[in-house]
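A short worksheet on the structure shown next.
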Amino acid sequence: MVKEVEMATRTRNTPALDIDESLPLQERSWRIRNAAWLAMVLVLGAGVTGLFGRGPLAAAEVTVGPGVTLEYDRWARKRAPLLLRFRAATSPGDTLRIHVGWPLIRSVRVLDIEPHPEGSAADPAGVEYRFSLQPPAGVDFLIQPESAGRLRFSIRAGSAAPVPLTLLIWP
Amino acid sequence: MGFLIRAAVVYLGLTMLFRVAGKRTLAQITPFDLVLLLIISETVQQALLADDQSVTNALLLVIALIGMDILLSVLKQRWRWLDRVLDDRPLVIVRDGQPLRDRMNQERVSEDDVMASARLHQGIRTMDEIAYAVLESDGHISVIPRR
């Protein structure tokens, strides 16, 4: 059936030319192309707004302990630096303890921790880092996810209950 | 295995992007198009190589890309519909000296483009002298003069 339509179109349009022209299929191709252009605009819009990380929609903040918040990107990219920024309301000389679960530590490469921790200790659930802070206090973990997919882990500050977090890592 | 997946994703992604960009996009490569191609190759290079910059990885990727190109050409030869989907079809854009403007607009071809090709290949001076102008599937314009 399709072949008959193609042949009819071919004969009607260009009887003197032996070319494989089909206007109905060409028009369908144009419609698909226009839809693809729209999809490209939408993907670019999603990229600008942060759906693939590094944008306002990706930015998230969560409280991980008394007076301690964590700013991070809920959507990130494989092998791209990702900043976990802890902000703490502390007094001079206070010690901040941040406990990071194993699933995160095993799935990322830690590029930098600023300021450097005074010490760290591993336990079955993860690693606890100790920092001596001066106000205004903050700790930055610069990490790099090594695999794509959903990354579930927990973080806590001080003796608070662990806060479960999920990152979506784009390939 | 990772290199094969990366090569396949990049190859298929670029194939689809250039397909939807239209016939005319890179038919006549201007100096800027050449720069654009270089930028595109630089952009995908990192994603292809990942963190492995060894000669082995580079050779594996090149073999994978060329292999996919050969495979696709074999499949297009076997299944004609695939050839039509991926490479598009020729389209008549001028008939009996009359430009078919709807088609030309869809394909972003101007009368100047048609006349440039007519002058270059056939020594034609006016649109009236053209029997057919065909936008080929590779984006070039073929011109058949009136007899």
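Numbered from 1 within each chain, the chains take letters A, B, ... in sequence-line order. Because the structure is a prediction, the values reported are computed rather than measured.
- B:F32 and B:I39 fall into different hydrophobic clusters, where Ile, Leu, Val, Met, Phe, Trp and Tyr are joined by side-chain heavy atoms under 4.5 Å apart, directly or via other members.
- With contacts defined as side-chain heavy-atom distances shorter than 4.5 Å, the pair B:E136/A:I19 does not qualify.
- By the 4.5 Å heavy-atom criterion applied to side chains, B:L91 and A:L23 are counted as neighbours.
- Atom CD of residue A:Q26 and atom CZ of residue B:R103 lie 8.0 Å apart, to the nearest 0.5 angstrom.
- In this structure, CZ on B:R19 lies 4.0 Å from OG on A:S29, to the nearest 0.5 angstrom.
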Can you list, pair by pair, the side-chain donor-acceptor contacts under 3.5 Å of residues 62-69 of chain B, counting residues two or more places apart and other chains?
{"residue": "B:D69", "atom": "OD1", "partner": "B:Y11", "partner atom": "OH", "Å": "2.5"}

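- Heavy-atom distances place the side chain of B:V134, and not its backbone, under 4.5 Å from chain A.
- Going from atom CG of B:D102 over to atom CH2 of A:W30 covers 8.0 Å, rounded to the nearest 0.5 Å.
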Taking only distance into account, with no hydrogens and no angle test, what donor-acceptor pairs under 3.5 Å do side-chain atoms of residues 113-126 of chain B form with protein atoms, sequence neighbours excluded?
{"residue": "B:D113", "atom": "OD2", "partner": "B:S110", "partner atom": "N", "Å": "3.0"}
{"residue": "B:D113", "atom": "OD2", "partner": "B:S110", "partner atom": "OG", "Å": "3.3"}
{"residue": "B:S117", "atom": "OG", "partner": "B:I141", "partner atom": "O", "Å": "2.7"}
{"residue": "B:Q122", "atom": "NE2", "partner": "B:V143", "partner atom": "O", "Å": "3.1"}
{"residue": "B:T126", "atom": "OG1", "partner": "B:E129", "partner atom": "OE2", "Å": "3.3"}

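- Residues A:R79 and B:Q46 fail the side-chain proximity criterion, which asks for heavy atoms closer than 4.5 Å.
- B:W81 is connected to B:L12 through a chain of hydrophobic side-chain contacts under 4.5 Å among Ile, Leu, Val, Met, Phe, Trp and Tyr, so both are in one cluster.
- For A:E61, the CD atom sits in a packed shell: over 12 heavy atoms of surrounding residues, nucleotides or ligands are nearer than 6.0 Å.
- Annotation: residues 159-171 of chain A contacts chain B through no residue [non-hydrogen atoms, separation under 4.5 Å].
- A:L82 and A:L111 fall into different hydrophobic clusters, where Ile, Leu, Val, Met, Phe, Trp and Tyr are joined by side-chain heavy atoms under 4.5 Å apart, directly or via other members.
- Follow the hydrophobic side-chain contacts under 4.5 Å out from B:L48 and you reach B:L14 in the same cluster.
- What you find for A:R33 and B:V20 is that their closest heavy atoms are CG-O, 3.0 Å.
- Residues of residues 35-48 of chain A that come closer than 4.5 Å to chain B, counting heavy atoms only, are A:A36, A:W37, A:M40, ordered by residue number.
- The cluster map of Ile, Leu, Val, Met, Phe, Trp and Tyr, joined by side-chain heavy atoms under 4.5 Å apart, puts A:L83 and A:W75 in different clusters.
- Atom CZ of A:R28 has 12 or fewer neighbouring heavy atoms from other residues, nucleotides or ligands inside a 6.0 Å radius.
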